[in-house]
Student: 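Please read through the structure below; I'll follow up with questions.
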Amino acid sequence: MTGRDGEAPGTGVSDAPPPESVEPGPAEPPPDERPASAPESAESADEGTQHAREPNAAETAQRPPGTRAAPVPEPSFDEFNDARRHSLLKSRRGAVNLGQTGSAVYIETMYGGEGGRPPASLQVVPLGEDIVTAIHVPVPGQTEMVDRLQQHHVLALDGEEGTGRGSTAVRILTECSRPRFAVNALYREEGDVVQGVCEQADEVLREGQGYLVEAGARPVTGQTLERLGRLADRAGAFVVVTGLPSSFPGRGDRVHVLGHRAPDAARVLEAHLAALLARHRSRCLRDEQEGEARCDARSTAAFLTRVTADDQLKNALGLARSVEEVVRLAKLLAENVHTEDLTDVVGHWRNWLRLLARDMLGLDARQGDGDAPNPHHQAYRITYAFFDGHPLSDVVEAGDLLSRIMLPHFGVSEEDLDHQMSEQNIDRLVPPEMRAQSATAADARADPRRAALAHAHLLHHMLESTWDAYSRLRLPLLAWLDLLVGGRGPGRERVRVRVAGLVGLLMGHEFDFVYRERVGVWARSDSGVRRQCAALALEMAAADESAADRVASRVQDWARSPGAALQDSAARAYGTSIGLRDVPGALTELGRLGRKPELAGSSSVSFSTAWLFLSGRVDDVMAELDRWTTSPDDYLPRHAVRTMLALGRATTSIDRPGRPALAELALDNDKNAELLIALWRRALVTRETTARAWHLMGRWLPDADGAGNEDLATLYASLAPWIFTDPLRDRALFHLEHVWLPRHEGSATIRRVLDALRTGRAGHGKGERR
């Protein structure tokens, strides 16, 4: 299975990678039918324009009528996948409960998504006394957690959001650290924080100290935890890693991971309320002239007994989504200790986020006209909430654009508009009730470069309140989101992913209207980035199970449509969680769509197939790539090659850099090895992909020189004579001798492959291939 050898090899020898994707459009001619003067790939023609300053969304909005912008180039697979992974609408913050106050501090673990930048250094944040001494109700298995941490110096706690895993981590770290309350949080603005601790352990870990690391949804392998345990043991430190259950696969097979369950909600309420009432008594000294009774220990004890026995409150506790919400209920009850009927108190607690959102938008009927925020402030508050977790530069640009769209609808003149737009002070525009408090209570520092809501769920309530309260602004709001999608410049992909998610959430309010006015328009667009946003919007909408069938029906309609744009949108949708619902069916549809000449120039089929591979459906995807590679169809083999190149830098785990997943799959599997040979041969000889393929090969070989990669070096030497047959042999020798070896003079792998190619030997560990 060596693929076709009849395609003409490319002629360039540059080792720089060209762009990775092209705008879908008319079918490309076969490589051997392109004119000799054509660039090496259709993508290369745009390469020189990527560095010019591109118009932002506001400039796009001011373009004269009748003019059309140049197509927005699609991102590379790595850039797109990174933006998807870290900009989806979900919480990416680890919260440490402050106990008595009912608030929380947030340790940010944001990841930028711009490729090519070195990861930021770890930040060591000492946790203040009010955090480490906060009230904590023991959770099931807490004694075992302490024992495991003392024995292994590292412990991973997996628990769902809201179970209080951060608070438990702090408590068990205080039990192990010396001095007892020497506990720190480690975080990293960009890159993997757990891997960062492994890389910088000697610089950050100190003897006797405890360290909290929030992994969030990032995968953490057993090898990483074992390595981290050895480093912490050597330093005499203690490390607790917290994350979602999906972050620690195979929990039952390892001693480093324990599941974390939330403490009993009634016990949490009682403990925090008792402490808050004790503080209340010291302040509750009434003026004797008012004739009110003083609040004493007896009266507060009676209130505590009444509350804990109240059936209404017991039922309310069952609605709490997190330990933090239970603590907030305790705080609200303590503020209403003299209230006889607690019905309104419980109602306010249930709806506090919705009420806060309405208050921030000036929708509370109790507010006077002079107290309501002006439209410019409203626009910035909406934008701040919608772009929670994004750099403030995104908020400022999007907020200015929304103001220019919103304010004329409120009767604001052009002169007043320019005056209001001059104010961009986030502290004045966005009140502290909306913003997360400082990163730590100890040093009161916060990252000034990112938006951070006080509560992750506030975004949904701000979106709902905006959509419901400003019905006349629904079309302008959708137009604003469309302008943001069309913007250009660094970091735009993270904005597009967020905008698509917001539109998907709006479909939960008015599915047909939002689909007709925005998602359907995107799906039919001649812009690849808009079609991608249509797919991501449907993915977000399908997260609501009540809409899942409607979404599936829309995707099926797209796939069966005679229009190439809708077919391309369907292919992109199969590369989301929509495709994960039926992976064999999604791959079958991708194969059917991949045979269409209209999609020959699109990256949609390959990107979606690569995403399904990275989502864990490795065997299914490899079997499908095998069928595509050997297909007599003119286009499926090309989609298979593009998928291979998209996956070229993907690794099996974050702690095994330089070990490509595709290579590891071929180590002990002859069928996968033969598939890899076929994919490499076709990629290297096809004019469309040759430059990227040679560049990728030039990355694989020296990466195998790392410690523990001897098996990969052997694999590459074994495959080289089968990959670099005529017409590739001479060009391979040129790259090995004159391009790669001069750049990596010490690379034993390159020399080993060069020797295997010169002698024609298949190396070690593989038999003869047919």
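Scope of the values below: all heavy atoms of this structure, side chains included, with no hydrogens, waters or symmetry mates. Just so you know, residue 1 is the first one in the sequence shown, and it goes up from there.
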Student: What heavy-atom pair brings V395 and A451 nearest, and what distance separates the two atoms?
Tutor: CG2-CB, 3.9 Å
Student: A side-chain contact here means heavy atoms from C-beta on lying under 4.5 Å apart; do V240 and V213 qualify?
Tutor: no
Student: Taking all atoms of both residues into account, what is the closest heavy-atom pair of A169 and L212, and its distance?
Tutor: CB-CD1, 3.5 Å
Student: Between E539 and S577, does any side-chain donor sit less than 3.5 Å from a side-chain acceptor?
Tutor: yes
Student: Can you tell me how far the CG atom of L463 sits from the CZ atom of F386, to the nearest 0.5 Å?
Tutor: 4.0 Å
Student: For residues 260-270, which residue pairs pass the salt bridge (Lys or Arg N to Asp or Glu O under 4.0 Å) check, not counting sequence neighbours?
Tutor: none
Student: So do C198 and T224 actually touch side chain to side chain, heavy atoms under 4.5 Å?
Tutor: yes
Student: CD of E207: more than 12 outside heavy atoms within 6.0 angstrom?
Tutor: no
Student: Using salt bridge (Lys or Arg N to Asp or Glu O under 4.0 Å) as the criterion, list what pairs up with R581, not counting sequence neighbours.
Tutor: E545
Student: Among all residues two or more places apart in sequence or in another chain, which pass the salt bridge (Lys or Arg N to Asp or Glu O under 4.0 Å) test with R234?
Tutor: D202
Student: Mark yes or no for whether T133, through its side chain, and E129, through its backbone, hold a donor-acceptor pair below 3.5 Å.
Tutor: yes
Student: Is R381 reaching over with its side chain to a backbone N or O of M360, donor-acceptor style, under 3.5 angstrom?
Tutor: yes
Student: Distance from L277 atom CG to H272 atom NE2, nearest 0.5 Å?
Tutor: 13.0 Å
Student: In chain order, what residues pass the ring-ring contact (aromatic ring centres under 6.0 Å, His included) check against Y211, with sequence neighbours excluded?
Tutor: none
Student: Is there a side-chain contact between L173 and L127, using heavy atoms and a 4.5 Å cut-off?
Tutor: no
Student: Do you know which two heavy atoms are closest between G164 and V323, and how far apart they sit?
Tutor: N-CG2, 4.0 Å
Student: Contact between F248 and H256 at the side-chain level, heavy atoms closer than 4.5 Å - yes or no?
Tutor: no
Student: With E226, which residues qualify under salt bridge (Lys or Arg N to Asp or Glu O under 4.0 Å), at least two apart?
Tutor: none
Student: Where the side chain of D394 meets the backbone of V495, is there a donor-acceptor pair that is under 3.5 Å apart?
Tutor: no
Student: Can you name the nearest heavy-atom pair linking I135 to A275, along with the distance?
Tutor: CD1-CB, 3.3 Å
Student: Counting C-beta onward and ignoring hydrogens, is there a side-chain heavy-atom pair between T168 and T242 closer than 4.5 Å?
Tutor: no
Student: Quick check on D619: does its CG atom have over 12 non-hydrogen neighbours (other residues, nucleotides or ligands) under 6.0 Å away?
Tutor: no
Student: Report yes if some heavy atom in the side chain of V499 is under 4.5 Å from a heavy atom in the side chain of F387; otherwise report no.
Tutor: yes
Student: Is it true that a side-chain atom of R206 and a backbone atom of E203 form a donor plus acceptor pair closer than 3.5 Å?
Tutor: yes
Student: State which residues pass side-chain hydrogen bond (donor to acceptor under 3.5 Å, both in side chains) with T163; sequence neighbours excluded, sorted by chain then number.
Tutor: H260
Student: Would you check if L244 and E161 make a side-chain contact, meaning some heavy-atom pair closer than 4.5 Å?
Tutor: yes
Student: Before you tell me yes or no, could you show the steps for Q142 and V139 under side chain to side chain contact (heavy atoms under 4.5 Å, CB included), namely the whole-Å CA-CA distance, both residues' side-chain angles and the distance that decides it to 0.1 Å?
Tutor: CA-CA 6 Å; Q142 186 165 312; V139 300; 3.8 Å; yes
Student: Indicate the atoms forming the closest heavy-atom contact of M145 with L155, along with that distance.
Tutor: O-CD2, 3.6 Å
Student: Between E214 and R165, does at least one N-O distance fall below 4.0 Å, as a salt bridge requires?
Tutor: yes
Student: The test is side chain to side chain contact (heavy atoms under 4.5 Å, CB included); show your working for H153 and V239 and say whether it passes.
Tutor: CA-CA 6 Å; H153 287 263; V239 180; over 6 Å; no
Student: Please enumerate all residues that pass salt bridge (Lys or Arg N to Asp or Glu O under 4.0 Å) together with R171, with sequence neighbours excluded.
Tutor: none
Student: For residues 134-152, which residue pairs qualify under salt bridge (Lys or Arg N to Asp or Glu O under 4.0 Å), counting only residues two or more places apart or in two chains?
Tutor: E144-R148
Student: Is the shortest side-chain heavy-atom distance between T576 and L536 below 4.5 Å?
Tutor: yes
Student: Are the side chain of Y384 and the backbone N or O of M434 linked by a donor-acceptor pair below 3.5 Å?
Tutor: no
Student: The criterion is ring-ring contact (aromatic ring centres under 6.0 Å, His included); which residues satisfy it with H461, sequence neighbours excluded?
Tutor: none
Student: Using 30° and 60° as the class limits, which term best fits the ring planes of H460 and H457: parallel, tilted or perpendicular?
Tutor: tilted
Student: Kindly write out the residues that satisfy side-chain hydrogen bond (donor to acceptor under 3.5 Å, both in side chains) with T305, not counting sequence neighbours, or none if the list is empty.
Tutor: none
Student: Going by side-chain hydrogen bond (donor to acceptor under 3.5 Å, both in side chains), name the residues that satisfy it together with T143, two or more places apart in sequence or in a different chain.
Tutor: none
Student: Would you compute the distance between atom CE of M507 and atom CG of L502 and round it to the nearest 0.5 angstrom?
Tutor: 13.5 Å
Student: Walk me through whether L122 and V197 qualify under side chain to side chain contact (heavy atoms under 4.5 Å, CB included).
Tutor: CA-CA 7 Å; L122 286 170; V197 179; 3.9 Å; yes
Student: So, taking the atom named OG1 in T308 and the one named CG in L269, what distance separates them when rounded to the nearest 0.5 Å?
Tutor: 8.0 Å
Student: Would you name the heavy atoms of A547 and A541 that are closest together and state the gap between them?
Tutor: CB-O, 3.7 Å
Student: Rounded to the nearest 0.5 Å, how far apart are NE2 of H136 and OG1 of T174?
Tutor: 8.5 Å
Student: So, taking the atom named OG in S177 and the one named CD in Q209, what distance separates them when rounded to the nearest 0.5 Å?
Tutor: 7.5 Å
Student: If the threshold is 4.0 Å, N to carboxylate O, is there a salt bridge linking R498 and D388?
Tutor: no
Student: Among all residues two or more places apart in sequence or in another chain, which pass the side-chain hydrogen bond (donor to acceptor under 3.5 Å, both in side chains) test with T383?
Tutor: none
Student: V241 and V194: side chain to side chain contact (heavy atoms under 4.5 Å, CB included), yes or no, with the steps?
Tutor: CA-CA 8 Å; V241 182; V194 180; 4.0 Å; yes
